[in-house]
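Letters A, B, ... are given to chains in the order of the sequence lines, protein chains preceding strands, and every chain is numbered from 1. The figures that follow rest on heavy atoms only: side chains count, while hydrogens, waters and symmetry mates do not.
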Amino acid sequence: MLNKKQIRFCLDKMAEMFPEAKGELNHSNPFELVIAVLLSAQCTDKLVNKVTEKLFKKYKTPEDYLAVSLEELQDDIKSIGLYRNKAKNIRKLCQVLVDKYEGEVPRTKEELMTLAGVGRKTANVVASIAFNEPAIAVDTHVERVSKRLGICRWKDSVMEVEETLMKKVPREEWSITHHRMIFFGRYHCKARNPNCPECPLLEICREGQKRMKTRG
DNA sequence: AACTCGGGGCA
DNA sequence: TGCCCAGAGTT
């Protein structure tokens with residue numbers, strides 16, 4: 001397993017490779033972040049950005065989403081996959097925000113996970129990035145990168161990956177860790193065809209060295 | 001743990 | 001054309 005210093009090295013290199021990965025702070029408020037991350041499930045970030053750009057001009061508050069019909073909301077996000085379920089979840093979620101939280105987004109991941117369409121990953125993103133709560137979001141990219149590099153074990157569950165990262169990454173870096181590893185995983189350490197030969201982390205990457213060796 | 005939802009992007 | 005994608009919910 002990599003130690004704290006090696007993990008710090010990895011995160012610094014990722015930041016150099018993708019300087020645009022400064023956290024999802026382009027969303028001006030927690031509410032928009034919840035909607036954006038909910039919509040992003042099984043979609044690429046570019047497509048989501050294209051939709052939210054228009055969406056957030058029309059809808060500012062939970063009440064705004066509840067003021068239109070389900071069909072109208074579905075139509076507004078129609079270019080995104082799974083749009084029917086996502087539109088329904090947004091309405092349910094907004095109704096709960098209005099009824100239980102006075103129109104505000106709750107801070108803790110436990111409360112966030114009770115919202116429709118918000119699972120463990122989305123809850124952790126919102127909690128850590130919007131509220132700086134103690135959490136690190138682990139999605140498929142973060143999980144794969146963590147396992148390849150040797151930050152955690154191959155057989156670890158998502159929760160175990162989370163725990164390991166929180167144990168070995170300095171607290172002040174938790175909110176940014178997710179986004180750094182996302183970019184690195186999405187554009188460099190890809191699921192299918194990772195670019196090991198040009199990887200600045202090759203010297204300490206368990207999986208990378210294995211792949212370079214078997215390639216010949 | 002396996003399955004389903006789903007339109008757009010990309011090879 | 002076919003395959004994959006910043007997951008969540010159900011069984």
Closer than 4.0 Å, any side-chain N/O of A:Thr140 to the OP1 or OP2 of C:dC5? no

With side chains defined as the heavy atoms from C-beta onward, is the minimum distance between A:Tyr101 and A:Glu111 less than 4.5 Å? yes

Any side-chain heavy-atom pair from A:Ile35 and A:Phe56 closer than 4.5 angstrom? yes

Of the listed C:dC5, C:dA8, C:dA6, the closest approach to the A:Thr122 side chain comes from C:dA8

With a 4.0 Å cut-off, would you call [X] and [Y] a salt bridge?
X: A:Arg153; Y: A:Glu160; answer: no
X: A:Arg148; Y: A:Glu143; answer: no
X: A:Asp76; Y: A:Lys58; answer: yes
X: A:Glu173; Y: A:Arg180; answer: yes

Please report whether the ring centroid of A:Tyr65 lies less than 6.0 Å from that of A:Phe31. yes

Between atom OG1 of A:Thr140 and atom CZ of A:Arg186, what is the distance when rounded to the nearest 0.5 Å? 9.5 Å

Please identify each residue that fulfils salt bridge (Lys or Arg N to Asp or Glu O under 4.0 Å) with A:Arg206, with sequence neighbours left out. none

Side-chain cluster (under 4.5 Å, hydrophobic types only) that A:Leu66 belongs to, other residues: A:Val98

Stretch residues 50-61 of chain A: residues that reach within less than 4.0 Å of DNA chain C through a heavy atom: none

Contact class for A:Lys46 (heavy atom, under 4.0 Å): base, sugar-phosphate, or nothing? nothing

At under 4.0 Å between heavy atoms, what does A:Asn85 touch on the DNA or RNA strands: base, sugar-phosphate, or nothing? sugar-phosphate

Grab the N/O contacts between the protein and nucleotides 1-3 of chain C below 3.5 Å, and write none if there aren't any.
none

Identify the 5'-most and 3'-most nucleotides of DNA chain B with at least one atom closer than 4.0 Å to a non-hydrogen atom of chain A. B:dC5 to B:dG9

Do any N or O atoms from the side chain of A:Arg144 and from the backbone of A:Cys189 form a donor-acceptor pair under 3.5 angstrom? yes

Protein-nucleotides 9-11 of chain C N/O pairs closer than 3.5 Å?
from: C:dG9; atom 1: OP1; to: A:Gly117; atom 2: N; distance (Å): 2.9

